[in-house]
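Worth knowing before you read on, the calculation uses all heavy atoms, side chains too, and leaves out hydrogens, waters and symmetry mates.
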Protein chains: 2
Amino acid sequence: MSQTAQPPAGPLGGAGAGGRSSARPTLEEVAALAGVGRGTVSRVINGSPRVSEKAREAVQAAIAELGYVPNRAARTLVTSRTDSVALVVPEAETRLFSEPYFSDIISGVSAELAETDMQLLLILVRNQRERERLSAYLTAQRVDGVLLVSVHQDDPLPSILESLEIPSVLAGRRGDLEPLSYVHADNAGGARMAVRHLLRRGCRQVATITGPLDMEVAQARLGGYRRALEEAGRPYDEELVGLADFTEEGGRLAMRELLERRPDLDGVFCASDLMAAGAMQVLRAAGRRVPDQVAVIGFDDSIVARHTDPPMTSVRQPIEEMGRTMARLLLEEIAERGRARRQVVLATELVVRDSA
Amino acid sequence: MSQTAQPPAGPLGGAGAGGRSSARPTLEEVAALAGVGRGTVSRVINGSPRVSEKAREAVQAAIAELGYVPNRAARTLVTSRTDSVALVVPEAETRLFSEPYFSDIISGVSAELAETDMQLLLILVRNQRERERLSAYLTAQRVDGVLLVSVHQDDPLPSILESLEIPSVLAGRRGDLEPLSYVHADNAGGARMAVRHLLRRGCRQVATITGPLDMEVAQARLGGYRRALEEAGRPYDEELVGLADFTEEGGRLAMRELLERRPDLDGVFCASDLMAAGAMQVLRAAGRRVPDQVAVIGFDDSIVARHTDPPMTSVRQPIEEMGRTMARLLLEEIAERGRARRQVVLATELVVRDSA
DNA sequence: CTAGAGTGTGGGAGCGCTCCCACAGCGCAT
DNA sequence: ATGCGCTGTGGGAGCGCTCCCACACTCTAG
């Protein structure tokens with residue numbers, strides 16, 4: 001027998017006012033109180049210029065008095081806008097994220113959306129079944145746009161979005177000719193910076209440990225490594241390239257192999273902090289001092305970079321800003337309905353600590 | 001001039017079928033095709049038992065043929081259910097989370113919700129203004145329930161939820177007599193386990209570094225420390241208690257003070273991994289070997305625990321399961337509309353590594 | 001003066017669904 | 001035969017909004 005909801009508890013207080021019920025006020029009631037028609041109230045709410053000053057004020061007063069809040073469902077029903085966007089994260093990727101990544105993306109997206117009255121829906125996709133459900137979901141037009149965190153080249157989700165023609169923005173891209181809008185960090189530039197730092201420090205044999213090369217990020221970081229070497233007139237030596245998978249264990253394995261192949265190496269650029277952490281452990285176990293004998297640089301500037309011994313030099317990507325930018329691009333795309341592809345590359349930065 | 005959406009691309013293919021338009025099919029069209037009334041289709045969709053087998057089959061066939069998906073807005077408009085829940089995270093708390101915390105909570109919540117067709121809305125609240133907006137938002141009944149991640153005793157959000165009488169579940173609780181439903185880890189038990197481990201290991205002077213005592217988690221962990229000592233017949237000595245704020249820097253400060261006050265200490269239980277990491281740094285700088293001279297245990301089993309030197313023994317809380325449980329409780333609470341308070345305490349676990 | 005173009009306004013129609021009432025059809029007890 | 005209940009069904013009403021048409025009223029030009 002209890003009430004489902006409280007009265008709005010507006011400036012005039014709750015149930016007191018006598019006549020009016022405690023249910024949520026509707027646009028119609030606002031119109032009645034303001035002495036205008038429904039159309040006018042709607043126009044005021046939606047910021048139409050075609051309303052007289054007098055009417056606008058009356059309506060606004062009525063809205064304030066009643067504590068009126070528009071019913072989103074009713075609006076959606078007629079406009080078929082939902083005023084919400086989805087952030088879609090394939091669960092598999094989740095394991096690859098450098099640690100505060102996810103929170104930072106969310107934080108950025110949410111910050112940008114806070115200005116608007118867009119809702120943020122979070123959708124984690126953990127398997128094929130859920131991928132199909134997502135497809136159905138999106139086809140049913142339940143969101144105005146999609147932010148997709150996806151890194152693998154063979155992820156089917158981007159193509160789905162493409163064919164659905166729903167406004168969407170990717171974090172990262174599948175390749176150079178990514179047809180969808182995307183935001184990503186300057187991975188190549190960051191890697192180049194890191195390797196130049198190693199060279200400038202006097203390293204003669206700079207190795208690298210890469211991520212899986214079916215990911216554009218991994219390719220780009222390897223590309224930056226290569227470019228820096230070439231710019232310095234050094235040969236690109238495949239023996240100095242260790243393939244791994246972004247994980248700590250992968251980093252350890254790759255480092256051991258590298259050490260065996262090229263015991264003379266004196267610098268390692270790792271495409272992730274986790275791999276760098278693994279590499280540092282192996283180096284230490286092999287009796288090499290970091291950074292004196294071997295300098296190490298990671299990528300991501302994640303939490304672990306601050307907690308290795310010695311603290312790790314790493315390339316920082318502006319993840320929160322990526323989130324913010326993604327949201328902004330998506331809002332633009334939704335607003336204009338025109339399918340202009342947008343791409344933003346954000347600068348990376350070398351955070352120098354003690355490992356290099 | 002471009003189409004807003006693609007046809008459903010159902011089994012029968014898109015625009016081909018001639019008569020029917022490419023717009024999303026409505027319940028009415030399903031009814032027509034199935035040769036029944038709207039009511040019957042609605043009953044089938046909502047799983048009412050009062051439908052003949054024959055009608056049900058006809059309707060299901062029609063749904064499949066048309067690729068029909070119910071319009072959520074229309075349903076919401078009449079039922080005033082939204083089929084969505086919000087996960088509310090005060091931004092301030094975000095900084096206190098041990099690192100994969102946020103992702104793990106989300107992952108758990110999302111996993112539980114995936115079974116249902118509930119949507120997950122994510123709301124980050126970063127300041128007073130947004131707190132007010134959230135209030136308005138919730139008053140407008142835009143979600144069926146709320147999951148709140150909040151740890152501070154003086155957070156106003158829980159009280160707001162309480163007075164709004166909206167189904168809600170907290171991660172953590174404000175105190176013993178938390179009136180809202182909540183899920184939390186057995187912090188006291190975990191702390192007790194950790195301290196017992198230290199004692200069993202032979203530590204004679206076990207110190208602790210606590211979090212801010214206006215947080216129930218911090219209190220509970222301190223309580224567990226105290227209890228373990230008392231059970232072992234040791235006195236609770238305030239000199240061995242260092243107050244900090246869950247941060248690494250706080251851990252360092254507290255450790256220095258502790259070391260000064262009680263140079264004889266040989267074990268430290270820290271209420272967070274970050275503080276433990278800070279403490280370990282200070283111990284090393286002071287020339288104390290961990291774990292030989294001073295054993296250290298952290299709390300959270302976060303990423304950093306695996307990356308300190310030596311790797312840290314820490315108390316693990318089942319965060320993903322907390323998320324899952326929160327979602328489950330919330331669904332129950334929404335389903336029954338009865339405001340029965342639910343509380344679940346999940347067991348913690350000591351992960352033994354090298355620091356103790 | 002009238003015609004015409006603009007401005008501001010009210011309110012009908014209708015978005016796609018659920019709710020609920022009315023009613024048909026059946027079996028069973030009276 | 002009549003009455004009653006129960007099951008399954010169709011469809012009207014209506015949720016709260018936006019869209020858009022019609023209209024009143026103003027102002028300017030002819």
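Here the side chain of D104(A) pairs no donor or acceptor atom with the backbone of I319(A) at under 3.5 angstrom.
Of all heavy-atom pairs spanning T76(A) and A73(B), the tightest one is CG2-CB, 3.5 Å.
S181(B) and E333(B) share a donor-acceptor pair across their side chains, judged by distance under 3.5 Å alone.
Applying the salt bridge (charged side-chain N to carboxylate O under 4.0 Å, His left out) rule to pairs touching residues 72-90 of chain A yields R81(A)-D83(A), sequence neighbours excluded. Listed by first and then second residue, the side-chain hydrogen bond (donor to acceptor under 3.5 Å, both in side chains) pairs involving residues 48-63 of chain B amount to none (not counting sequence neighbours).
At its two ends the helix from dC1(C)-dG30(D) to dC28(C)-dG3(D) runs along axes set 50° apart, each axis drawn from five pairs and the angle rounded to 10°.
Residues passing the salt bridge (charged side-chain N to carboxylate O under 4.0 Å, His left out) test with R142(B), sequence neighbours excluded: none. E178(A) meets the salt bridge (charged side-chain N to carboxylate O under 4.0 Å, His left out) test with R174(A); sequence neighbours excluded. Residues passing the salt bridge (charged side-chain N to carboxylate O under 4.0 Å, His left out) test with R133(B): none are found, sequence neighbours excluded. Residues meeting the side chain to side chain contact (heavy atoms under 4.5 Å, CB included) test with E132(B), sequence neighbours left out: Q128(B). Checked against salt bridge (charged side-chain N to carboxylate O under 4.0 Å, His left out), E321(A) has no partners two or more places apart in sequence or in another chain.
DNA chain C lies under 4.0 Å from at least one heavy atom of each of the following residues of residues 69-77 of chain A: L77(A).
Note that the first and last nucleotides of DNA chain D, 5' to 3', having any atom under 4.0 angstrom from a heavy atom of chain A are dG16(D) to dC20(D).
At the heavy-atom level, A31(A) lies nowhere under 4.0 Å from the strands shown.
Where N46(A) and G39(B) meet DNA chain D, the nucleotide closest to each residue was compared, and G39(B) sits on the side nearer the 5' end.
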For this session: Go along nucleotides 22-27 of chain C 5' to 3' and tag each nucleotide: B for a protein heavy atom under 4.0 Å from its base, S when only backbone or sugar atoms are that close, - otherwise.
Result: ------

Please list, one pair per line, the donor and acceptor atoms closer than 3.5 Å that link side chains of residues 112-122 of chain B to other protein atoms, with sequence neighbours excluded.
| residue | atom | partner | partner atom | Å |
| --- | --- | --- | --- | --- |
| T116(B) | OG1 | L113(B) | O | 2.8 |
| T116(B) | OG1 | M118(B) | N | 3.1 |
| Q119(B) | NE2 | Y137(A) | OH | 2.2 |

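Atom CZ in R342(A) sits 13.5 Å away from atom OH in Y182(A) (nearest 0.5 Å).
Inter-residue side-chain proximity for L170(B) and V183(B) is flagged as unmet; no heavy-atom pair is nearer than 4.5 Å.
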